[in-house]
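FYI, the numbering just counts along the sequence from 1. Scope of the values below: all heavy atoms of this structure, side chains included, with no hydrogens, waters or symmetry mates.
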Amino acid sequence: MTIHVAFLRGVGGPKPAKAEALKACFGDAVYDPVRPVLSTGNVVFGLGRKRRAPDEATISALVEAHFGYPLPAVLRTGEAVAGMVGDDP
């Protein structure tokens with residue numbers, strides 16, 4: 001299963017998105033498994049019953065529909081994130 005990581009911007013601003021609410025947001029969209037990373041606004045998730053990987057616009061729209069305000073997203077595969085961490089001196 002391919003794992004994806006959504007880095008959401010603005011989570012700690014005046015309208016915070018708590019970890020449990022982010023988990024519900026992604027879970028309601030049938031992504032599985034879903035694991036928010038503390039209160040960072042980063043969410044690690046699998047595709048669950050989805051057949052295609054989402055793009056950044058899809059994740060941003062999902063979050064905006066759930067919370068009622070936009071939170072821009074940067075999306076990477078878990079493999080890409082692992083590669084970045086592995087390349088860090």
Side-chain angles (χ1 to χ4, degrees):
M1 166 187 12
T2 301
I3 296 296
H4 298 273
V5 182
F7 299 95
L8 303 175
R9 306 290 42 116
V11 168
K15 298 180 180 177
K18 303 286 185 188
E20 285 305 311
L22 286 168
K23 185 174 183 176
C25 172
F26 280 73
D28 289 350
V30 300
Y31 291 111
D32 183 52
V34 176
R35 186 172 53 91
V37 182
L38 302 174
S39 296
T40 61
N42 303 331
V43 181
V44 179
F45 64 99
L47 293 182
R49 297 189 311 246
K50 301 279 188 181
R51 295 184 187 274
R52 287 189 319 146
D55 59 14
E56 292 171 347
T58 300
I59 294 299
S60 293
L62 168 70
V63 172
E64 184 169 3
H66 187 87
F67 291 100
Y69 49 89
L71 290 172
V74 174
L75 191 61
R76 298 291 182 264
T77 64
E79 185 177 303
V81 173
M84 285 184 267
V85 171
D87 289 344
D88 188 24

> Partners of D55 by side-chain hydrogen bond (donor to acceptor under 3.5 Å, both in side chains), sequence neighbours excluded?
Replying inline: T58
> Should V43 and V34 count as side-chain neighbours, where that means a heavy-atom distance under 4.5 Å?
Replying inline: yes
Check: residues 18-26 side-chain donor-acceptor pairs under 3.5 Å, at least two apart:
none

> When L8 is tested against each of L75, V74, N42, I59 for side chain to side chain contact (heavy atoms under 4.5 Å, CB included), which residue passes?
Replying inline: I59
> Which atom names give the shortest non-hydrogen contact between H4 and A53, and what distance separates them?
Replying inline: CE1-CB, 3.5 Å
Cut-off 3.5 Å, no hydrogens considered: what does the side-chain donor-acceptor table look like for residues 66-73, sequence neighbours left out?
from: Y69; atom 1: OH; to: K15; atom 2: O; distance (Å): 2.6
from: Y69; atom 1: OH; to: P16; atom 2: O; distance (Å): 3.0

> What pair of heavy atoms forms the shortest contact from P54 to L47, and how long is it?
Replying inline: CD-CD2, 3.8 Å
>> Count I, L, V, M, F, W, Y as connected when their side-chain heavy atoms are under 4.5 Å apart, and connections chain through other members. Are Y31 and V5 then in the same cluster?
In response: no
> Between A29 and L62, which heavy-atom pair has the shortest distance, and what is it?
Replying inline: CB-CD1, 3.6 Å
> When rounded to the nearest 0.5 angstrom, what is the spacing between CD in E79 and CE in M84?
Replying inline: 11.0 Å
> Do the side chains of D32 and R49 get nearer than 4.5 Å, heavy atoms only?
Replying inline: no
> Is it true that V81 and V37 fall in one hydrophobic cluster, defined by side-chain heavy atoms closer than 4.5 Å?
Replying inline: yes
